[in-house]
Q: 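Structure in structure tokens, see below.
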There are 2 protein chains.
Amino acid sequence: MDSLGERIRKLREGKELPLRTVATYLGIDQAILSKIERGQRRATREHVVKLAMFFSLKESDLLVTWLSDKLAYEVRDEDLALEAMKVAEEKVKYQTRKNNG
Amino acid sequence: MDSLGERIRKLREGKELPLRTVATYLGIDQAILSKIERGQRRATREHVVKLAMFFSLKESDLLVTWLSDKLAYEVRDEDLALEAMKVAEEKVKYQTRKNNG
DNA sequence: CTTATCTTTGACAATATTTGTCAAAATAAA
DNA sequence: TTTATTTTGACAAATATTGTCAAAGATAAG
């Protein structure tokens with residue numbers, strides 16, 4: 001259950017690449033990538049798409065990691081986080097039905 | 001499975017109160033309350049707390065509605081919304097374990 | 001120990017998003 | 001018609017996000 005940051009740090013270190021290399025590919029300063037990897041900043045969707053390219057991952061795979069990070073972040077230090085999450089899941093199911101069939 | 005806006009509109013209309021009355025209680029312009037009720041703007045936590053007071057609801061009850069709205073909003077029009085939501089739920093469970101026991 | 005490379009930190013700027021006011025237009029009720 | 005209520009949209013203020021940059025802190029190599 002890794003965060004996006006943990007995942008890409010592992011991938012990057014697995015290839016023994018410096019932050020600079022990946023950051024340049026993303027078109028951002030290495031300082032930001034450093035922060036993203038350690039969870040101090042959040043990636044944008046564009047970053048995620050490019051990271052999937054860079055590391056040859058399925059885009060949807062990395063997007064789910066990124067989105068779930070965002071959701072968990074949204075209810076960080078909320079007592080009612082889990083309860084809200086469950087209700088939200090139902091709301092999303094309903095939204096989906098509404099958009100499709 | 002009402003949104004916060006739907007809930008408070010029903011409550012307000014149930015008491016036959018104009019937007020003005022509730023908006024003044026919240027300390028905001030009625031235009032905003034109108035938008036919140038119709039889901040065009042989002043309430044702040046402060047609004048929610050005051051609304052719970054105003055309508056004599058359990059604060060946590062309304063907070064769950066508000067939080068779940070925020071979560072659902074965060075993944076609006078995302079194909080991977082539901083999948084991300086499920087992963088996020090696990091992440092939240094883990095966070096909780098980390099903070100408590 | 002010194003130098004070179006890599007990573008982290010923090011101050012700051014630019015941009016985007018959110019939250020609000022206000023006034024006018026639209027709607028509904030008297 | 002009037003009067004009260006609600007909705008809309010343009011705009012401003014406040015806040016949050018995303019980024020650069022330069023310096024400080026680690027790590028590794030010579």
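Proteins come first, then strands; the chains are lettered A, B, ... in the order of their sequence lines, and each starts at number 1.
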Q: What heavy-atom pair brings B:A52 and B:L62 nearest, and what distance separates the two atoms?
A: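 Result for this residue pair: N-CD2, 3.6 Å.
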Q: Any side-chain N or O of B:R38 under 4.0 Å from OP1/OP2 of D:dT7?
A: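 Answer yes for this pair, as a side-chain N or O of B:R38 is under 4.0 Å from OP1 or OP2.
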Q: Is any side-chain N or O of B:R20 closer than 4.0 Å to OP1 or OP2 of D:dT6?
A: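 Result: no.
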Q: By nearest nucleotide on DNA chain C, pick out whichever of A:Q40 and B:D29 is the more 5' one.
A: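 Mapping each residue to its closest nucleotide by heavy atoms, the 5'-most match is A:Q40.
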Q: Hey, are A:D69 and A:R42 close enough for a salt bridge, meaning a charged N less than 4.0 Å from a carboxylate O?
A: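 Result for this pair is no, no salt bridge flagged.
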Q: Taking only side-chain nitrogens and oxygens of A:R42, does any of them come within less than 4.0 Å of OP1 or OP2 of D:dA16?
A: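 Negative; the distance criterion is not met.
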Q: Would you say C:dT18 has OP1 or OP2 under 4.0 Å from some side-chain N or O of B:H47?
A: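 So the side chain of B:H47 is outside the cut-off, no N or O lying under 4.0 Å from OP1 or OP2 of C:dT18.
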Q: What's the CG-P distance between A:L33 and D:dG19, to the nearest Å?
A: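 Spelled out: CG on A:L33 to P on D:dG19 is 11 Å.
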Q: Please give, in whole Å, the distance from C:dT17 C1' to B:K70 NZ?
A: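 My rounded result for the distance is 13 Å.
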Q: How close or far is atom C1' of D:dA28 from atom CD of A:E16, stated in whole angstroms?
A: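 Going from CD in A:E16 over to C1' in D:dA28 covers 13 Å.
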Q: Quick one: is B:R9 getting a side-chain N or O under 4.0 Å of the D:dT7 phosphate, OP1 or OP2?
A: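 The answer is yes; a side-chain N or O of B:R9 sits under 4.0 Å from OP1 or OP2.
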Q: Just call it for A:I32: base, sugar-phosphate, or nothing, with non-hydrogen atoms closer than 4.0 Å on any strand.
A: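 Contact class for A:I32: base.
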Q: For the side chain of B:L19, starting at C-beta, report the closest nucleotide among D:dT18, D:dT6, C:dG20.
A: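 Given the options D:dT18, D:dT6, C:dG20, the side chain of B:L19 is closest to D:dT6.
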Q: Check whether any side-chain N or O of B:R45 sits under 4.0 Å from OP1 or OP2 of C:dT18, and answer yes or no.
A: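 Negative; the distance criterion is not met.
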Q: How many Å lie between CZ on B:R41 and C1' on D:dA10, as a whole number?
A: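 My rounded result for the distance is 11 Å.
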Q: Does a side-chain N-to-carboxylate-O contact under 4.0 Å join A:D61 and A:R7?
A: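 Salt bridge: yes.
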Q: Closer than 4.0 Å, any side-chain N/O of B:R12 to the OP1 or OP2 of D:dT6?
A: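 Yes, because at least one side-chain N or O of B:R12 sits under 4.0 Å from OP1 or OP2 of D:dT6.
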Q: Regarding C:dG10, can its base be found pairing with the side chain of A:K35 as donor and acceptor, where the two atoms are less than 3.5 Å apart?
A: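 It does, because a donor-acceptor pair links the side chain of A:K35 to the base of C:dG10 below 3.5 Å.
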Q: Please report the distance, rounded to the nearest Å, between CD in B:E46 and P in C:dT18.
A: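 Interatomic distance, CD of B:E46 to P of C:dT18: 18 Å.
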Q: Under 4.0 Å, heavy atoms only, any strand: does A:Q30 hit a base, just the sugar-phosphate, or nothing?
A: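 The answer is base, as A:Q30 lies within the cut-off (heavy atoms under 4.0 Å) of a base atom.
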Q: If you measure from the Lys or Arg side-chain nitrogens to the Asp or Glu carboxylate oxygens, is any gap between A:E90 and A:K93 under 4.0 Å?
A: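 A salt bridge is present here (some side-chain N lies under 4.0 Å from a carboxylate O).
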Q: Is the shortest side-chain N to carboxylate O distance from B:E6 to B:R38 below 4.0 Å?
A: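 No salt bridge links B:E6 with B:R38.
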Q: Under 4.0 Å between a side-chain N or O of A:S34 and OP1 or OP2 of C:dT7?
A: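 Answer no for this pair, as no side-chain N or O of A:S34 is under 4.0 Å from OP1 or OP2.
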Q: If I take atom CD1 in residue A:I8 and atom P in nucleotide C:dT7, what distance separates them, rounded to the nearest angstrom?
A: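 Roughly 12 Å, once rounded to whole Å.
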Q: One thing to verify: whether A:K35 and A:D29 come together as a salt bridge, which I'm taking to mean a side-chain N less than 4.0 angstrom from a carboxylate O.
A: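 No salt bridge links A:D29 with A:K35.
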Q: Using whole Å, what does the distance between atom C1' of nucleotide D:dA26 and atom CD of A:E13 come to?
A: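 One finds 14 Å between C1' of D:dA26 and CD of A:E13, rounded.
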Q: Whole Å only: how far is the CD1 atom of B:I36 from the P atom of D:dT6?
A: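 After rounding, the gap between these two atoms is 14 Å.
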